[in-house]
Each structure stands twice: as C-alpha cells, then as structure tokens.
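As the structure lists them, so they are numbered: ligands from 1, and atoms in each ligand from 1. Nothing here was measured: the structure is a model prediction, and the numbers come from that model. Residues: numbered from 1 along the sequence shown.
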Amino acid sequence: MADTAHYGLRRWELPDSLVPEAQWQAHRAQLEAHEVFHDFEMQRRGADGHVVWVSVSGEPIHDAAGRFTGYRGVARNINARKQAEAQIERLAFYDELTGLPNRRLLLDRLDCAVTACTRDGSHGALLFLDLDNFKGVNDTLGHEWGDRLLVQVGARLTACVRASDTVGRLGGDEFVVVLRGLHTVETEAAGEAEAVAHKMLLALNHVYDVHGLEMHSTPSLGIALFSGVAQSVQELLKRADLAMYQAKAQGRNTLCFFDPDMQAAASARSALEADVRQGLQRGEFLVHYQPVVDAEGHVLGTEALVRWQHPQRGMVYPGEFIALAEQTGLILPLGRQVLRAACVQLAQWNALPATAHWSVAVNVSAQEFRHPEFVQRVLEVLHDTGAPPAQLKLELTESLLLHDVEDSIAKMQALRTRGVGFSLDDFGTGYSSLSYLKRLPLDQLKIDQSFVRDVLTDPNDAAIACTVVALARSLGLDVVAEGVETAGQRDFLLRNGCRRFQGYLFGRPVPAQDLRVR
Ligand code: C2E
Ligand code: CA
Ligand code: CA
C-alpha cells in the first residue's frame, strides 16, 4: 500500500485502516476521478486498539494542482450491523457445535469442487464419515459427553486435510469431507483419497480425553470420487453414503470406495503397503547397480536402483512399489536404506584403485527431498559411511524441483558445498523451463529413456535428444543418455555430442559384486 502515500490520506484513512488492496484500488480510482463516493465500508483500528467497522461517504478534495488533499464527508460506525451479519452467516452456514461448515455450505463447496474439476481435469473426492459407537456414548454418558466427543472429532478431521479441502458436519455423528485438486489419473486420485482417509481413520482411532475421561471411538468411512463429468452433488452424497454403509457392513472402523474396482484396488494397495512395511523390517530391500560409461565404454560410475527380494514373489522391481511407498510415506525409511547401502558401496569402491574414481547416483523422491531434515540426513550418512561426497550424485526430477524452487536451491547449495552433485533425471518429460533450469545448481542432465528408445526411428525424439545435449552443453552440464540398448543408438548420440551412456548395451543393473571393472 506504499503508493497510497502520495494521496496524502489523513484522518480516518490510511495508518489505522485495514482495507484489502483490491478494495483500495477501486477506491483510489474513484478519488482520481474526483467522484463522490457512498458507503465505503472498511475496518479501522480505533485509538483504544479495537478494530471497528465504519462506512464512509464523501467527496475527495483536491488542491489547485489537482493533488488529493483529503476528504469532506462522514464516517458512520457500523460495527453492530457487521456483527449481526457475521452472526447470521455463522448460523446459516456453520454448525453451532463444532464450528464446521454445515450441510448447506458443504453442498455449496462440493458444487464448487465439481466445477473446478471440470475446469482443470483434476479429480475430487467426497468422504462420508459416521462414528461407529456414537449412540452408545450418547445413551450411556449423555448428550453433553457426546457433544464434546464430536467437537474433538471435527478438530482431528480438520487437522488431516489441506486448507483447500472442506470438513463439515451434516448433523448427528455424520461428517463429510470434500477433497479437491487430486490427480488427473483416476487410479492415482483414488490412491490419494485413500491416503487421506487412512490418516483420518488413524487420527480418530486415538484415545479421546473428554474432561479427564478416556473415550474410544472409531469411524466408518465411504469414499466417492468425482471428476469433470457433471455429477449432481446429491448423487455424490448418496454414493459416499452407500460406500460408508459398505464399510459398516465390513466390520466397521474401515473405509470403502463406492466404485467396486476402486475398492479392489484399494484392498490390494493396503495389502501391498503392509507387505512393504514388513519387507523394510525384514531387510528384504537391496540395491543393484547399473554402470554409466563414457564414449570408450569405460565405467565412470553407477546408478543405484532398489530391488525387493520378496520371500514369495521373488525379485520385485521398483515400478511395483515406489509409487505406493511415496503415497504412504514409506519412501522415507526406504530411501534412507538405499542411500546408506549406496554410500557403503561407494566407500568400498573408493578404497580400491581400479574403482576409486567411480561415482554413485541415488534416486531421490519428492517427499524425501522436501523433508526438512533431508540435507542433514544425507550428510549424516556420508559421515557414517565415509563415502566421498564428491562422488555421490543425487538424481532429482523436474516436478520435484519446481514445487518450491527457492527451497530446492537452498538444499542443493547446502549439499553442494560439501561436494555432493546433482543430476536432473528423466529430462524432457516435465515442463522443462529454461529460466529456472539456469538457476538450479545442477551438474548433469539425464535424457529420458523414452527419447533414446526411438532416437533412430522418430525424428521428433531425435530432435529432443539433440536439443537436450545442446542445452546441457550451453549450461555447462554433463549429459547422460539413459536406456541405450543398441550400438546404433549409442553411435547416433555420440555423433550428436553425447559422451555418457547408461543402458542394457553396457550392462543391466546387477549386485555390486557382479559389476565388471572395465
Ligand atoms: P530411473 O531412475 O529412470 O531408472 C532407470 C530405469 O531404467 C531402471 O528401472 C533401469 O533398470 C531401467 N533401464 C536401464 N537401462 C535400460 C535399458 O537399456 N532399457 C530399458 N528398457 N530400461 C533400462 P528400474 O530399476 O525398474 O527403476 C525404475 C524407476 O524406479 C527408476 O527410474 C526410478 O525412478 C525409481 N527408483 C529406482 N530405485 C529407486 C530408489 O532407490 N529410490 C527412488 N526414490 N526411486 C527409485
Ligand atoms: Ca534415475
Ligand atoms: Ca531416469
């Protein structure tokens, strides 16, 4: 609001008024046009420090040079009216007991969410929640205790969602949650909704302290997903409600999707999650290494790729569990195990003359990178294992870095001062914006294997691959082509300036001891 100063606003205006910028602008435009104005409503802080609503009507006064010098007019205190309006709004749209949106506001928010999905192609989810034993609480302890429990349930649910989501109370012990901005792919969106629902189940399962009395309560939860396809909010509510009854029928304290296919997928996911959790405890995850070579085929280093040695299923590849690990937070312990194993290996190679120069690249997921203690944890692992930091490369993806560019740069720089390098993985598949790329302290780009695959047959892919090489050169970065399977692909890339390769042509990912030193 700095540029309002030249208006020389005095009296009941600037220093103590609390007017949103947009409103000021409209007001200023009126002043500039020398217009009389009526009922300009604003909040201001009175001499006693209290904020009051005033309504101002008047006309601006200008001096001979046309400069605004002040107002002539009246200001009315409209605090009582504003308070009444707020009170009416609260009664009309909010549940008195919990302060959460009521049915009317919820349906309105749901309607907005459905419209938003149509606009941006995302999904949304409607969660219907009902407490399993609420009637029992009310009957045995009385309504007052029931009410207190409901207030805590509302607070716990609210803590599980983002600010853009809505938690509301329909009445009784029924709560509804509207989630917005879920993934564009339906199965992914279902996974995200399920993750939130799961969090809610856990949150509501914790013991409640109602005035010193320990209480237990569990919910049943139904989920209906929605997308751009015009769906009536009433129909959605019915679906989520039906799914909730399904959850009750399945023994309560659980969640259920309206869509049977999604339900099947959800069950499979929770089984897999339990399996991964157990796998982590039993040390079933191991790391394979794939060579990265130079133009002559000499090994420069390796990329660490996680594998799951499953007691029944045999070797399971990351495509089957990384996404789930990311959704459930299990990627944090998993990523830590991989980083540690890779650094132990790096230290061993570093101690042998033939492999002392090898680097090791480790993939880092968004959730790991965004963790506030990421930098510290990497440094700890380096310290504990004695691995040379300058030979560790962390592979990040574009979307991860874009999320919060400033934070990304700060973290990368902190690790870089210790020598750790950074590589941009799967390059070309994201929103590669040159302006931010230049600002990131990167060392390397990896051309995504989807471009390398058809580099000889698809002129488009060939052009992209060549552009990435040229781009890397202009930015002073190394470039690695991934997924090189044939000599033809290697030769084409080599001719176009790429000097580092990774792919089956040079070696598959294998246990460290099976890597041949060339
Ligand atoms: P990525 O980082 O792009 O890794 C390269 C993938 O391409 C690996 O698949 C590798 O086995 C495969 N590959 C290598 N050369 C060739 C080739 O010549 N042809 C073909 N068709 N494929 C090749 P993998 O091991 O199944 O890993 C898949 C993805 O899982 C990785 O893609 C990475 O995004 C993720 N991932 C693997 N390990 C980790 C990990 O420890 N942490 C995290 N966060 N992600 C991991
Ligand atoms: Ca990678
Ligand atoms: Ca890659």
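- Counting just the N/O/S atoms of E303, the one with the shortest distance to the Ca ion (ligand 2) is named OE2.
- L494 and A295 get closest at one heavy-atom pair: CD1-CB, 3.7 Å.
- A donor and an acceptor atom, one from each side chain of D132 and S220, are located under 3.5 Å apart.
- Ion pairing of D407 with K411 is present here, as a side-chain N (NZ or NE/NH1/NH2) and a carboxylate O approach within less than 4.0 Å.
- In this pair, W308 and F285 present their aromatic rings parallel. The plane angle is below 30°, not in the 30 to 60° band.
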For ligand 1, list all ligand N or O to protein N or O distances below 3.5 Å, rounded to 0.1 Å.
from	atom 1	to	atom 2	distance (Å)
ligand 1	2 (O)	E303	OE2	3.2
ligand 1	2 (O)	N363	OD1	3.0
ligand 1	2 (O)	D425	OD2	3.0
ligand 1	3 (O)	D426	OD1	3.3
ligand 1	7 (O)	Q449	NE2	2.6
ligand 1	15 (N)	Q290	NE2	2.9
ligand 1	18 (O)	Y504	N	2.8
ligand 1	19 (N)	E485	OE2	2.5
ligand 1	21 (N)	E485	OE2	3.0
ligand 1	22 (N)	Q449	OE1	3.2
ligand 1	22 (N)	Y504	OH	3.3
ligand 1	25 (O)	R307	NH1	2.8
ligand 1	25 (O)	R307	NH2	3.0
ligand 1	38 (N)	V306	N	3.2
ligand 1	44 (N)	S365	OG	2.8

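- Both the sub-6.0 Å distance and the 45° axial angle are satisfied by R156 relative to the ring of Y208.
- For the Ca ion (ligand 3), the tally of protein N/O/S atoms lying closer than 3.0 Å stands at 4.
- With ring centers used as reference points, Y289 lies 6.0 Å or more from W358.
- Cation-pi contact between R377 and F374: absent, since separation from the ring centre below 6.0 Å together with deviation from the ring axis within 45° is not met.
- Between the side chain of D95 and the backbone N or O of R169, no donor-acceptor pair lies under 3.5 Å.
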side-chain contact (heavy atoms from CB on, under 4.5 Å) between D425 and E482, intermediate numbers included: CA-CA 9 Å; D425 207 355; E482 297 188 295; 3.4 Å; yes
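- In summary, R416 and D443 engage in a salt bridge, as defined by a charged side-chain N under 4.0 Å from a carboxylate O.
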